[in-house]
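Single-structure report; data block below.
Counting from 1, the numbers follow the sequence of the chain as shown. Counting starts at 1 for both ligands and their atoms, in listed order.
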Amino acid sequence: MKTLLPEPYKIKMIEPIRLVPAVERKARLKEAGWNTFLLNSRDVYIDLLTDSGTNAMSDMQWAALMVGDEAYAGSRSFERLEAAIRDVYGFKHVVPTHQGRGAEHLLSKSWIKPGQYVAGNMYFTTTRAHIELAGGIFEDVIVDEAHDPRAEAPFKGNVDLGKLERFLDRVGPQKVAYVAIGCPVNMAGGQPVSLENMTATAALCRRRGVRVVMDGARAVENAAMIRAREAAWKGRPVAEILKEMCRQVDAMAVSAKKDAYVNIGGFLATDDDGLCESAQNLCVLFEGLHTYGGLAGRDLEALAVGVREMVQDEWIEHRLAQVAYLGERLDAEGVPVVKPFGGHAVFVDARAFLPHLESDDLPAQALAAWIYEACGVRAMERGVVSAGRDDRGRNRRPSLELVRLTLPRRVYTQTHLDYVAREIGALHRRRAELPGLRFVKEPKHLRFFQARFEPVPARVGAA
Ligand code: PM9
């Protein structure tokens, strides 16, 4: 197992955490309806629910908050953000939004006509929800390896060009609003897309007159994986690779709560004047004026600094090394994990962990609950619950049934990761005792956030 190089930072401010006793964890889990999203953070010891908005800002980001220009219109903070995004990503226009789904909303409403398709490399929850709200239909064109947690290809996030071409032939390019490339693919285990594949996808779309959009929430992590895995780009600066990725697409929707180390924010970036005009106009309806998009001036400042910090190679290298370290530790404990490791999280294969459970026993939802109960670590389900129901009301049954252990940036140390691996390893050794769950409350939209569950009675005796 590789050793983890020391963090490229030291800690200046701390926030206490506490492992609540086992009986309390059991009670809190029941109160939360066995949904880790409904736990209170004070009851969580190590919080690996998400890396979204949970990052630690740098001293320079905190300092930047103080110069936030809170003018309603024409704020200097927006100018600084716009300049940072132009420099780092290379797009001409920037429309800020309160977070990523705000940008998805503006994009979907601007470019999707009801009945049109959006083809992409696997769905993401909020992205598909906004495609569908705009009247669009999502079509998955990711490579087959992405659906296999045990396949060890370096770029399991790639678009399958054959699938995309056949799809365009079948429906006709005029029925396709755009092709969306998630870089990397969150729901597939944070798997990256190669630059070769992005370039080929963009060329195919250009030939067929179809626009291409990037989900850039973790584009820097994707760039760092290209640098590590793609021969033509080996060792190149992440900043250079990121710019090249952006050159391939017509627009990019970004949740800035990931790569850019901030706690809130998002934006839409493009060179397309028409999209910019439409998004700016929708922005005033749904987000706020087009120079603040629902954010305070200080948020824009912290983001402007974060955007420049995120492409520094030593930061991103350490992040990827932390994720790989946790993955290798879990692997050594015998815990089935998705490989290769992605950039933001280690994904546990819940079907392989709990082979005695059926899909209707919601193995990943159950495993996330039992991990919390066992050791106070909060994780997230990424399986049948997250996938929701199709337009006929049937449960979608994704090939992957995963529990995500997500690392917030610059928050936890190696000892925290060692604890997580050791405790989940111990849980794995008593996996046969663990029951499944079933829904008792199922909200209509993005059900995984607010659903409530209970243990499957037939198996409760075994727990
Ligand atoms: N991702 C995550 O934890 C937070 C919400 S879902 C639990 O992974 C991608 C690839 C994302 C993403 C959010 C969004 C939406 C878009 N694309 O949460 O609205 O991973 O900022 O971004 C979450 P916002």
Legend entry - Ile226 versus Leu195, closest heavy-atom pair with distance: CD1-N, 3.7 Å
Inset, instruction - For the residue pair Tyr419 and Tyr45, categorise the inter-ring angle as parallel (less than 30°), tilted (30 to 60°) or perpendicular (more than 60°). - result: perpendicular
Legend entry - ring-ring contact (aromatic ring centres under 6.0 Å, His included) partners of His318, counting only residues at least two apart: none
Legend entry - Ser52: numbered ligand 1 atoms lying under 4.0 Å from its heavy atoms: 4 (C)
Legend entry - Near-ring test His445/Phe448, centroid separation under 6.0 angstrom: no
Inset, instruction - Answer side chain, backbone, both or neither: which part of Arg404 comes under 4.0 Å from ligand 1, heavy atoms only. - result: side chain
Inset, instruction - Go through ligand 1 atom by atom and flag the ones less than 4.0 Å from a non-hydrogen atom of Phe449. - result: 6 (S), 7 (C)
Inset, instruction - Using a strict 4.0 Å cut-off to heavy atoms of Glu104, name the atoms of ligand 1 that fall inside it. - result: 16 (C), 17 (N)
Inset, instruction - Identify, for atom 22 (O) of ligand 1, the protein heavy atom at the shortest distance, and state residue, atom and that distance. - result: Ser255 CB, 3.2 Å
Inset, instruction - Run the numbers for me: atoms of ligand 1, each under 4.0 Å from some heavy atom of Met380, listed by number. - result: 3 (O), 7 (C)
Legend entry - Least distance between heavy atoms, Lys243 atom then Asp87 atom: NZ-O, 2.7 Å
Inset, instruction - For atom 23 (C) of ligand 1, find the nearest protein heavy atom and state the residue, atom name and distance (0.1 Å precision). - result: Lys258 NZ, 3.5 Å
Legend entry - Heteroatom distance test (Gly100, ligand 1): nitrogen or oxygen, under 3.5 angstrom: yes
Legend entry - atom 14 (C) of ligand 1 [closest protein heavy-atom partner, distance rounded to 0.1 Å]: Phe124 CE2, 3.5 Å
Legend entry - Reference residue Leu268; test side-chain contact (heavy atoms from CB on, under 4.5 Å); the match among Leu282, Val94, Leu107: Leu107
Legend entry - Validation row, ring centre Phe78 to ring centre Tyr292 under 6.0 Å: no
Legend entry - Thr126 neighbourhood, listing ligand 1 atoms whose heavy-atom distance to it stays under 4.0 Å: 14 (C), 15 (C), 16 (C)
Inset, instruction - For atom CD of Glu230, decide whether the heavy atoms of other residues, nucleotides or ligands shown that lie under 6.0 angstrom number more than 12. - result: yes
Inset, instruction - Examine distances only and state if a side-chain atom of Asn158 and a backbone atom of Asp160 form a donor-acceptor pair shorter than 3.5 Å. - result: no
Inset, instruction - For ligand 1, find out whether one of its N or O atoms is nearer than 3.5 Å to an N or O atom of Asp51. - result: no
Legend entry - NE2-CG distance between His147 and Asp140, expressed to the nearest 0.5 angstrom: 4.5 Å
Inset, instruction - Return a yes/no value for Asp215: is any of its N or O atoms, backbone included, closer than 3.5 angstrom to an N or O of ligand 1? - result: yes
Legend entry - Ring centroid separation Tyr123 to Phe138 under 6.0 Å: no
Inset, instruction - Before signing off on this row, confirm whether Arg382 and ligand 1 have an N or O atom pair separated by under 3.5 Å. - result: no
Legend entry - Non-hydrogen atom of His344 closer than 4.0 Å to ligand 1: no
Inset, instruction - Could you list which atoms of ligand 1 come closer than 4.0 Å to a heavy atom of Thr50? - result: 2 (C), 3 (O)
Inset, instruction - Would you check the N or O atoms of Gln99, main chain and side chain alike, for any that come under 3.5 Å of an N or O of ligand 1? - result: yes
Legend entry - Any N or O of Arg218 closer than 3.5 Å to N or O of ligand 1: yes
Legend entry - Element-labelled atoms of ligand 1 that are located less than 4.0 Å from some non-hydrogen atom of Arg101: 5 (C), 18 (O), 19 (O), 22 (O), 24 (P)
Legend entry - Lys257: numbered ligand 1 atoms lying under 4.0 Å from its heavy atoms: 21 (O)
Inset, instruction - Start with the C-alpha distance between Lys156 and Glu145, add both sets of side-chain angles, then the distance that settles salt bridge (Lys or Arg N to Asp or Glu O under 4.0 Å), and finish with yes or no. - result: CA-CA 6 Å; Lys156 283 166 74 174; Glu145 304 93 275; over 6 Å; no
